[in-house]
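A, B, ... follow the sequence lines: proteins, then strands. Residue 1 opens every chain.
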Protein chains: 2
Amino acid sequence: MNKTIYANTQNRGDNYCKDCRARYRDLCGVMSDDTIYTLYDLGRSNKIEKGEYLFMEEAPSTYVYNISSGMLMLERIGSDGRRQIISFVYPGDFIGLTVDSNYSVSCRAVEASRFCRWKRTELEQFAEGHQNLEKSLRVIGNKVLARTIDQIFILGRKNAVERLAFFLLQTSGRQINAGLSETQLNLPMTRTDIADHLGLTIETVSRAFSRLSKDKLIELATPSLVTVLDHDQLIKCADNYKV
Amino acid sequence: MNKTIYANTQNRGDNYCKDCRARYRDLCGVMSDDTIYTLYDLGRSNKIEKGEYLFMEEAPSTYVYNISSGMLMLERIGSDGRRQIISFVYPGDFIGLTVDSNYSVSCRAVEASRFCRWKRTELEQFAEGHQNLEKSLRVIGNKVLARTIDQIFILGRKNAVERLAFFLLQTSGRQINAGLSETQLNLPMTRTDIADHLGLTIETVSRAFSRLSKDKLIELATPSLVTVLDHDQLIKCADNYKV
DNA sequence: CGCGCACTTGACCCCGGTCAAAGCTAGTGG
DNA sequence: CCACTAGCTTTGACCGGGGTCAAGTGCGCG
């Protein structure tokens, strides 16, 4: 037991937690600077390349993950091949915690990413001794749920342009709390990914981009670099967008 | 303090927990027969009539609820009036727990229903002294999340008939674990409610019902009483339906 | 018995899907 | 350094599923 901890300790990089994007968010945020090491030593830091899967739907949910950098996506693929991207995953997001013992979605890297990984059972055990962490897990779940409900509203009741406007605002919001620009949006995912997230086709997504661009609400520097020109109008367009 | 508990104790009906549909599910299910009273006495039992709101979106999330009987629905209404029903709420379901201090959706009674109500802060405080309850709250949240993800897949990637087939199977599943019939489906909600849940119009929902009926997958005794004739075929139709 | 409301069915139309072709850009190799 | 290629994106033309509008139909309730 001590040996294991010792082995992991050897893994620590120079600034292993200090410069981590996830350090003061969600899961890790509830740990003090004095106790974060105990959490760190319990898990393992690692990286994943673009296109690789972090875990697959149906597979035993052995591990839970906290994202340090990069971007991933949670996806579900129907038996006929139709794909739905549930959400994009940003640094600081905690994923992989399930009710039953199997993942309910797959997780794939949009771009090269870093993460910390814990055995689910070990983290749950650890949480039992740390009341605030247990509560944090619940809060995380509820946050995810809130976003998921937004997504349902989008898919059920909005047209193509409204969906894209909402998605861009959502991206803006996520960039803000990652300490990045509010208006310079980085979209590393492909049009296909966005389409599968918004329940549309690539062509329709592309046309929606063109439309917003023509109406001067956004500017497309490159397909993956969008500048928000008229934030207020974009909100009106997305209509029911909530912070 | 003692006085309050005493007052609530006076509220107890004859079989107040014993004959409750929610007694052995989710929230209450983690309490033993010996300790369920402490939870019961902390809250208040009440009823709500058809069409009334249990709580409204945006309002302070003062209370959390556990449903004893009847049916309710969680809905969100856009500023232009478009409505999306997030989910229908069955006996045993626990609702109202939010991240921030306001409800993110409204809850309305589909039919007359009974429920138990707690002050959120009091239940959370109570949970801190009851580890299994704290964990139960998390499990409940994850269960809800799993269903919500299913809903996203439906809305993003399925056509009208597939959506309805999925909805009927989901209803069947929920009736089973409420101890009701697997094939005789009770649909107390209106076609409008179903439409707003599946992201369709009443006309399309109606046509989908007719279609499934014509293809002998279901039988419509009355608009609100459906018999599942060919369960397997219905699953094939819904395609990606999961238990 | 008749009124009202929810549901069903039909006719038509439009948004977004499908199919096809033409840019754009990054990466490779001569 | 440039030409070539491959994959992604954009744009256009056409089509169809589901929305819209409107007219029945049936059932519960007074």
Side-chain angles (χ1 to χ4, degrees), chain A residues 49-51 73 78 80-85 110-112 154-168 185-215 218-226 237 239, chain B residues 50-51 73 78 80-85 110-111 154-168 185-215 218-226 237 239:
Chain A
E49 296 303 326
K50 176 177 177 171
M73 52 193 170
D80 57 355
R82 282 179 289 188
R83 182 177 73 146
Q84 175 68 40
I85 292 179
V110 172
E111 57 184 4
I154 296 306
L155 294 175
R157 287 288 172 239
K158 290 193 177 300
N159 66 30
V161 177
E162 290 170 333
R163 289 183 198 200
L164 183 62
F166 183 91
F167 171 70
L168 294 175
L185 307 183
N186 179 35
L187 304 174
M189 68 292 279
T190 66
R191 291 288 184 267
T192 305
D193 293 334
I194 297 175
D196 286 348
H197 180 51
L198 299 179
L200 300 168
T201 60
I202 34 173
E203 293 94 333
T204 303
V205 169
S206 185
R207 277 186 259 268
F209 267 113
S210 302
R211 182 70 199 284
L212 290 177
S213 183
K214 195 186 295 173
D215 294 352
I218 62 169
E219 192 176 63
L220 280 158
T222 73
S224 63
L225 191 59
V226 172
C237 183
D239 195 13
Chain B
K50 177 177 177 172
M73 53 193 171
D80 57 355
R82 281 178 290 188
R83 182 177 74 146
Q84 176 67 40
I85 292 179
V110 172
E111 57 183 5
I154 296 305
L155 293 175
R157 287 289 171 237
K158 289 193 178 300
N159 66 31
V161 177
E162 291 171 332
R163 289 183 199 200
L164 184 62
F166 182 91
F167 171 70
L168 293 175
L185 307 183
N186 179 35
L187 304 174
M189 68 292 278
T190 66
R191 291 289 185 268
T192 305
D193 293 334
I194 297 175
D196 286 349
H197 180 50
L198 299 179
L200 301 168
T201 60
I202 34 172
E203 294 93 333
T204 303
V205 169
S206 186
R207 277 186 258 267
F209 266 113
S210 302
R211 183 68 200 284
L212 291 177
S213 183
K214 195 185 296 173
D215 294 352
I218 62 169
E219 193 176 60
L220 281 157
T222 75
S224 64
L225 189 60
V226 173
C237 182
D239 195 15

Spacing of B:E162 atom CD relative to D:dG17 atom P, expressed in whole Å: 12 Å
Give the rounded distance in Å between these two atoms: CG of B:L155 and C1' of C:dG16. 17 Å
By nearest heavy atom, map A:S206 and B:L200 onto DNA chain D; which one lands nearer the 5' end? A:S206
Below 3.5 Å, does any donor atom in the side chain of A:R207 face an acceptor in the base of D:dG12, or the other way round? yes
By nearest heavy atom, map B:M189 and A:A160 onto DNA chain C; which one lands nearer the 5' end? B:M189
Whole angstroms only, please: what is the CG-P distance between A:L198 and C:dG17? 11 Å
From CZ of B:R191 across to P of C:dT9 the rounded distance in Å is 11 Å
Below 3.5 Å, does any donor atom in the side chain of A:E203 face an acceptor in the base of C:dC19, or the other way round? yes
Taking the side chain as C-beta and beyond, is there a heavy-atom pair between A:N159 and A:V161 under 4.5 Å? yes
For the pair made of CG in B:D196 and P in D:dG18, what is the distance, rounded to whole Å? 17 Å
Quickly work out the A:K158 NZ to C:dC15 C1' distance and round it to whole Å. 16 Å
Touch class at under 4.0 angstrom, heavy-atom based, for A:I202 against every strand present: nothing
B:T190 near the nucleic acid: base, sugar-phosphate alone, or nothing, with a heavy-atom cut-off under 4.0 Å? sugar-phosphate
If I take atom CZ in residue A:R157 and atom C1' in nucleotide D:dG18, what distance separates them, rounded to the nearest angstrom? 12 Å
Flag if over 12 foreign heavy atoms under 6.0 Å of CZ, A:R83: yes
Nearest-Å distance for atom pair CG/C1', residues B:L164 and D:dG18: 14 Å
Rounding to 0.5 Å, atoms CD1 (B:I85) and CG (B:D193) come to a distance of 4.0 Å
Does this structure show an ion pair linking B:R82 with B:D196, if we count only N-O contacts that are shorter than 4.0 Å? no
When you match A:T222 and B:V205 each to their closest nucleotide on DNA chain C, which lands nearer the 5' end? B:V205
How is A:S210 classified with respect to the nucleic acid when contacts are heavy atoms under 4.0 Å: base, sugar-phosphate, or nothing? sugar-phosphate
Is the phosphate of D:dG19 approached by B:T204 (side-chain N or O, under 4.0 Å from OP1 or OP2)? yes
Verify whether one side chain among A:S210 and A:S213 offers a donor that lies under 3.5 Å from an acceptor in the other. no
